*Asks:* 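I am attaching a structure below and will ask some questions about it afterwards.
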Amino acid sequence: MRCLNFGSLNIDMVYTVGHCVTPGETESADNLEYFPGGKGLNQSIALAKAGAEVYHAGSVGKDGGILINELKNNGVDTSFINTTDCPNGHAVIQVDKNGQNSILVFGGANHQITSAQIDRVLNEFSQSDRLFLQNEINAVGEIIDKAYERNIEIVFNPSPFTEKIMNYPLEKISWFVVNETEAYRITGETQTEKIFEIFKNRYPGSNILLTLGENGAYCFYNGEKYFHPIYNTSVVDTTAAGDTFLGFFFANLDSLGVSMSLKTASAAAGIAVSTKGASPSIPTLGEVEEFLRSK
Ligand code: RIB
């Protein structure tokens, strides 16, 4: 199975701060670093590092070479990325002394996806492939419709959550990957059982991967519930931990099954939070296997 990720590519401007700035407050940052990021790019790299065959579709600005090279250097096919006149998407990220973050995203070139590009890309894929989507590009609803028409299985990570998502054809989604906030915004519930119940009733046939930060991750797959706790590591920067989890889970799912994929994904996310930056913090499969052997 090939993985097609139609997703965002961002330059992450990461500010190290004592605490994340609150409304009306001015705070001095201790440090500024630039990293390749974006939920789309991070997830493509995580899938590829975990061993999947990955194709990234999206859009960058004229100075987007650094983002394309980051994908290429990690084994991701970039032939479906368009270059536009728009500035690159970017994110302003504050990381506090506990490794927690707050993120402001500017869509830029990520919002230049056209119907022609969608058709050109999807025509190259079929029902034996899996499509990954997040909510940082435009035309997500159109991509869902057109992929579904071609019987391509769709994995949707509704992040960052916006009310617009509730108007997408969510009944066409095979897998929802949500954290507690996104699950609450979609279902109005905070309890795991109730969240699964609502997804099951509203979107029958869909599977759910629910990540709960330090409380571990649940998966509801074909009517069965699975759980894996987190691995405790020293938290330096949580940026891209969810993206890493998603990539390692789906890269291994078909060969290893749900339980082992949850374990591998939890280990990968544990390593990611102990390293700075988005894509640079994503471990290789070898590093994850070594980490698991040490447990
Ligand atoms: O999930 C982390 C990502 O969210 C960052 O890399 C940033 O670009 C934002 O899109």
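Fair warning: this is a prediction, and the values are worked out from it, not measured in the lab. Both ligands and their constituent atoms are indexed starting at 1 by order of listing.
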*Asks:* Considering non-hydrogen atoms of the protein only, which is the closest contact for atom 6 (O) of ligand 1, and what is the distance?
*Replies:* Asp12 OD2, 2.6 Å
*Asks:* Under 30°, 30 to 60°, or over 60°: which ring-plane class applies to His228 and Tyr231, parallel, tilted or perpendicular?
*Replies:* tilted
*Asks:* Quick test: of every protein heavy atom, which one is nearest to atom 3 (C) of ligand 1, and how far off is it to 0.1 Å?
*Replies:* Asn42 ND2, 3.7 Å
*Asks:* At less than 4.0 angstrom from any non-hydrogen atom of Ala278, what atoms of ligand 1 do you find?
*Replies:* 6 (O)
*Asks:* Check for me whether Arg150 meets the cation-pi criterion with Phe125, that is, NZ or CZ under 6.0 Å from the six-membered ring centre and within 45 degrees of the ring axis.
*Replies:* no
*Asks:* Heavy-atom contact under 4.0 Å between Gly38 and ligand 1?
*Replies:* yes
*Asks:* So if I count the atoms of ligand 1 from 1 in the order they appear, which ones are less than 4.0 Å from some heavy atom of Ala91?
*Replies:* 7 (C), 8 (O)
*Asks:* For Gln117 and Thr114, does a side-chain donor sit closer than 3.5 Å to a side-chain acceptor?
*Replies:* no
*Asks:* Which one of Asp243, Ile93, Val14 has a non-hydrogen atom at the shortest distance from atom 2 (C) of ligand 1?
*Replies:* Asp243
*Asks:* Check Arg293 with Glu290, please: is the shortest side-chain N to carboxylate O separation under 4.0 Å?
*Replies:* yes
*Asks:* Would you please classify the geometry between the Tyr218 ring and the Phe227 ring as parallel, tilted or perpendicular, with 30° and 60° separating the classes?
*Replies:* tilted
*Asks:* Looking only at distances, please establish whether an N/O atom of ligand 1 is found under 3.5 Å from an N/O atom of Ala240.
*Replies:* no
*Asks:* Between Arg185 and Glu163, does any side-chain N to carboxylate O distance fall below 4.0 Å?
*Replies:* yes
*Asks:* Atom 9 (C) of ligand 1: which protein heavy atom is closest, and how many Å away?
*Replies:* Glu136 OE2, 3.5 Å
*Asks:* What protein heavy atom is closest to atom 4 (O) of ligand 1, reported as residue, atom name and distance in Å?
*Replies:* Lys39 NZ, 3.2 Å
*Asks:* Is it the case that Lys164 places NZ or CZ above or below the six-membered ring of Tyr168, under 6.0 angstrom from the centre and within 45 degrees of the axis?
*Replies:* no
